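As structure tokens, the structure follows; a few thoughts come after it.
Note that the numbering runs from 1 along the sequence shown for the chain. For ligands, and for the atoms within them, numbers begin at 1 and follow the listed sequence. From a predicted model like this one, the values you see are computed outputs, not experimental measurements.
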Amino acid sequence: MDVYGLIGNPVAHSVSPGLHETAYEVRGLDARYVTLETDPERLDQAIEGAAALGIDGLNVTIPFKEAVMEVVDPSETAASIGAVNMIDFSTDPPTGDNTDAAGARRALERHGVDPGAGTAVIVGAGGAARAIGHMLVSAGATVHIANRTASRAESLASDLGGTGHSLDAVPELAAGSDLLINATSVGMEEDRSPVSASVFHEDLAVMDAVYTPLETRFLQDGSAAGATTIDGAWMLLYQGVAAFERWTGVEAPVSAMNEALRNRLESEWSES
Ligand code: NAP
């Protein structure tokens with residue numbers, strides 16, 4: 001049996017086990033996906049132990065995405081982003097990669113949005129913004145970053161090759177852009193948006209990294225202005241698809257994974 005999993009702290013409420021185990025079932029693979037809540041002081045030992053135990057692949061979440069770079073061999077993409085969210089143990093040392101970037105790219109493409117065409121505004125300058133920004137710049141887009149802490153936007157923009165701003169700049173930036181992305185945590189389990197409803201227009205594609213709820217205030221405001229909207233579950237789905245395909249070498253059953261993910265997110269949200 002192949003064993004995959006997620007290390008982080010906390011990991012108890014992760015949707016990843018359901019996402020991956022649906023794929024194993026549909027593809028008839030003898031595999032399991034486990035959550036491993038890891039002591040932040042013992043990350044090195046956890047990775048060594050996982051390799052020794054014959055674990056085939058791990059996803060990595062908060063608070064280890066950056067620290068784990070020191071104990072695996074990061075891919076070029078992960079090194080440029082500065083974070084690893086999946087480990088492939090088929091190499092020695094294990095390889096660390098970042099499938100959040102691929103997840104965001106495939107989420108956009110699925111909705112007919114060419115990530116390399118035109119101008120994008122990313123709101124936020126944390127880990128999600130870094131992965132999405134790297135993908136957009138690599139694809140050829142012009143990228144503006146706006147963040148509550150403007151200095152973090154400037155620093156990320158200078159790393160990526162874009163421009164950095166405070167949130168006050170979003171109305172002007174969005175007016176001349178094709179794509180507007182929320183990569184902050186604003187809107188997660190709350191009815192709030194990081195930007196005013198007046199920034200949206202019908203020529204925008206609007207994507208949210210937040211996926212609880214699926215219909216965030218940010219997306220509702222975008223939809224009301226006639227923008228194309230892409231919820232955070234699409235990026236989440238496709239980062240899982242990319243990890244599954246990398247680990248197993250099998251084409252992912254995307255529709256079944258999408259259905260399982262959405263059912264889980266919707267039932268969790270209706271219970272909250
Ligand atoms: P992070 O590194 O902690 O960054 C958080 C960002 O949110 C920062 O830019 C921060 O601004 C901003 N922010 C927080 N509170 C704010 C507020 N009240 N007003 C304005 N801005 C605020 O987090 P992350 O890892 O990038 O994750 C961001 C979100 O993306 C989370 O909801 C996460 O669940 C989601 N995510 C989704 C996926 C997916 O596959 N869909 C993947 C990764 C992450 P400051 O710099 O000013 O603090």
How close does the nearest protein non-hydrogen atom get to [atom], and which residue and atom is it?
atom: atom 14 (C) of ligand 1; answer: S185 OG, 3.4 Å
atom: atom 42 (C) of ligand 1; answer: M235 CE, 3.7 Å
atom: atom 2 (O) of ligand 1; answer: G127 N, 3.0 Å
atom: atom 19 (N) of ligand 1; answer: V186 CG2, 3.4 Å
atom: atom 32 (O) of ligand 1; answer: M188 SD, 3.4 Å
atom: atom 4 (O) of ligand 1; answer: G126 CA, 3.5 Å
atom: atom 28 (C) of ligand 1; answer: A183 O, 3.6 Å
atom: atom 36 (N) of ligand 1; answer: A209 O, 3.9 Å

Ligand 1 to [X] polar contact by distance, N or O atoms, under 3.5 Å:
X: G124; result: no
X: R152; result: yes
X: D100; result: no
X: R148; result: yes
X: N147; result: yes

Options V210, T99, T184, ranked by nearest heavy atom to atom 29 (C) of ligand 1, top entry: T184
message: Do Y24 and D30 pair up side chain to side chain, a donor and an acceptor below 3.5 Å, judged on atom types alone?
response: no
task: Verify the distance criterion only: is there a donor paired with an acceptor across the side chains of S196 and S198 at less than 3.5 Å?
output: yes
For [X], look at atom [atom1] and say whether over 12 heavy atoms of other residues, nucleotides or ligands are found less than 6.0 Å away.
X: E268; atom1: CD; answer: yes
X: E251; atom1: CD; answer: no
X: E190; atom1: CD; answer: yes

Atoms of ligand 1, numbered as shown, that sit under 4.0 Å from any heavy atom of [X]:
X: R192; value: 18 (N)
X: L236; value: 39 (C), 40 (O), 41 (N)
X: Y211; value: 37 (C), 41 (N)
X: G232; value: 41 (N)

message: What verdict does the salt bridge (Lys or Arg N to Asp or Glu O under 4.0 Å) test give for D2 and R32, after you've listed the backbone C-alpha separation in whole Å, the side-chain angles of each residue and the deciding distance to 0.1 Å?
response: CA-CA 6 Å; D2 292 334; R32 290 287 172 276; over 6 Å; no
message: Looking at R130 and D100, is any side-chain nitrogen of the basic one under 4.0 Å from a carboxylate oxygen of the acidic one?
response: no
field: Side-chain donor or acceptor of E37 paired with backbone N/O of N9 under 3.5 Å
entry: no
statement: All heavy atoms of T184 vs all of G124, minimum pair found to be CG2-CA, 3.6 Å
- request: Of all the heavy-atom pairs spanning T61 and G8, show the shortest one and how long it is.
  value: CG2-CA, 3.8 Å
query: Does P194 have a heavy atom less than 4.0 Å from any atom of ligand 1?
result: no
message: Below a 4.0 angstrom heavy-atom separation, can you tell me which part of A128, side chain or backbone, both or neither, approaches ligand 1?
response: both
message: Would you say the rings of Y4 and F244 are close, in the sense that their centroids are separated by under 6.0 Å?
response: no
Chi angles and distances behind the side-chain contact (heavy atoms from CB on, under 4.5 Å) call for R262, L214: CA-CA 9 Å; R262 281 171 190 279; L214 289 169; 4.1 Å; yes
